[in-house]
Amino acid sequence: MLAAKADFPLLGTTMRGRSLVYLDSAATTQKPRAVIEALTRAYECGNANVHRGAYELSERATALYEETRERVARFVGAGDPREIVFTRNATEAINLVARSWALATLKQGDELIVSEIEHHSNLVPWQEVARITGARLSHLELRPDGTLDLGAMTSRTKLVAVTGASNVLGTIVPVRRLVGMAHAVGALVLVDGAQMVPQMPVNVTELGCDFLAFSSHKMLGPTGVGVLWARRELLEAMEPIVFGGGMIREVWRGGSSFGEVPWRFEAGTSSYAEVVAFGEALRYLGTIGMAAVREHEKTVAGYALGRLLDDGRFELYGPLDPEIRAGVVSFNFGAIHPHDVATILDGEGIAVRAGHHCCMPLMRKLGVAATVRASVYVYNGQEDIDRLLSAFGQVERIFGKQRRGACRTDLSSGLAPGSIEVAGQGR
Amino acid sequence: MFPEPAVDGLYRELILHHYRCPCNRGKLDPADAAAHAVNPLCGDEIDLTLRHHGGTIADIRTQGRGCSISLASASMMTEAVKGRTVERAKELIETFKRLMSGGLPSSALPVELEELEALEGVRSFPVRIKCALLAWTTLVEALDDLQRRRCREPGRIAAVRAAGDPDGAEGVAPGDQGP
């Protein structure tokens, strides 16, 4: 592993009597002690409302908060910290672009492009924009090899909103190529970086995208902090969507003028302590180096893919080439429902995700109700994958009999496509 | 060297049996009431159809997809309420919900729900309680649907009753999709 498990207090604990193997980092990562202590320290030593008080404590809090903004800007290669807006999470960052930029820009007949592999958070906001503006929503299609067909764009295309890395398939999307295609027709590109930014070096100047959304809690930081990066001139032209304290310049009885970018998008009291602790998470990742994080993800996910493939009992989803795959492996085990698999793995102390992963259209495309998903991060190693594989002995012990079972009465019809056919499908 | 896995309390033999050989699978057509439900957590789906005869649930079928817990619970639910009055079925639903929420020991289950004791282990896995409840909450919706339809088209349901088939299932084979 890349980071010492000992740095992460929760990873040293046991679950259901077994030492914890945490394989759900695509949902949220565990936090190193340094981040937890930074959070506590913020409250113990520096707690005050930022941008509010004229006293030293508030000034100190404000300075730490704004230093983190600078750190975030450096982390993604943004030239100007004022291009960083703190939100509650990546979802809220995407919604800010949808409710502000897109509603003001798109009109009937325009095209809005997403992809078939989007998380609901980068799909539902655009469905709403399409419904309200009359713009057409189209989808880049998933190819059988787990990559996206980049399709075609026209002068009607106004925005391409796409994930940088799929939270189900692990597919790394060729953002730079998409940006080239989009900019050639005058369209902008929003990248949902919730999975990409934690996993690999990201530089917005090199990517050339226009908006980037990501989340602190998926990269060792606290929950409650998301980031929207947008090019300065775009932010300058955008209207705020949340109004109140902290975002104004002047307020009269009948109206107000709004403050500057990015603070005009941060109405209300900010998550000061969480933001500052997020800065500590970025410092921790910076020490490791994002290029090393990417190499590590490739190695461990590649190892998992290889073992699952060799085993022969698993149905795998997503690209098989580790070069275009993030640290996410989704699979099914025979005809056994992912929830049953996840519960039995839980009994072995192994935390994996089971379900549709907030990607219901993708599940339909794959022809399954759900998958099991194992996702890795800096604290996972091959030994965690070995534990995962060996735990399937328990799944077989409980369900093995029925996979060879012969009772088909009452089952010969009436099952919806994709439903569990209990007999004869075990491999 | 290890304690007995906790999951063994969940996957009892009776549950696996109902999962393997579920009762009352399929779809009744025509039906007197129907309900469709999804578990938004996992995308599992259930379609429930039932026929009503003389105040009782004469026949009931479920189809859809789900995990072993939801399929087994659906199977046991259909067995528990088939042939019971609508009022008794509603009582059984409430009783089962209380079992799942921990408000009722399995020893206090009425005779119709004796088998459901096997699902008591679900309580140790709170995220799975929804799986166990799915079929039961869908039955609530189907009974609401029955009530609505009886108010709207009393003649048709009366005709089913007058057909004199105590099971109310004229020629519907298990799992039949329709006529």
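Predicted, not measured: the structure shown is a model, and the values here were computed from it. We name chains A, B, ... by the order of the sequence lines, and we start the count at 1 in each one.
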Practice prompt. Look at Thr343(A), Ile344(A), Val341(A), Asp346(A) and state which one has the largest set of heavy-atom pairs under 4.5 Å with chain B.
Written response: Thr343(A)
Worksheet item: With side chains defined as the heavy atoms from C-beta onward, is the minimum distance between Val368(A) and Arg65(B) less than 4.5 Å?
Response: no
Nearest 0.5 Å, please: how far is [atom2] in [Y] from [atom1] in [X]?
X	Y	atom1	atom2	result
His339(A)	Ser70(B)	NE2	OG	9.5 Å
Phe399(A)	Tyr11(B)	CZ	OH	4.5 Å
Ile15(B)	Ile398(A)	CD1	CD1	11.5 Å

Worksheet item: Between Ile69(B) and chain A, which part of the residue has a heavy atom less than 4.5 Å away: side chain, backbone, both or neither?
Response: both
Practice prompt. Check each atom of Ser75(B) against the heavy atoms of chain A and say whether the ones under 4.5 Å are side chain, backbone, both or neither.
Written response: neither
Worksheet item: Which atoms form the tightest heavy-atom contact between Arg16(A) and Ser124(B), and what is the distance?
Response: NH2-O, 3.5 Å
Item to complete: Using a cut-off of 6.0 Å, state whether more than 12 heavy atoms not belonging to Lys5(A) lie near its atom NZ.
Response: yes
Discussion item. Go through it in stages, so that I can follow the logic: the residues are Asp44(B) and His337(A), the test is side chain to side chain contact (heavy atoms under 4.5 Å, CB included), and I'd like the CA-CA distance, side-chain angles, deciding distance and then a yes or no.
Written reply: CA-CA 10 Å; Asp44(B) 286 350; His337(A) 194 283; 2.9 Å; yes
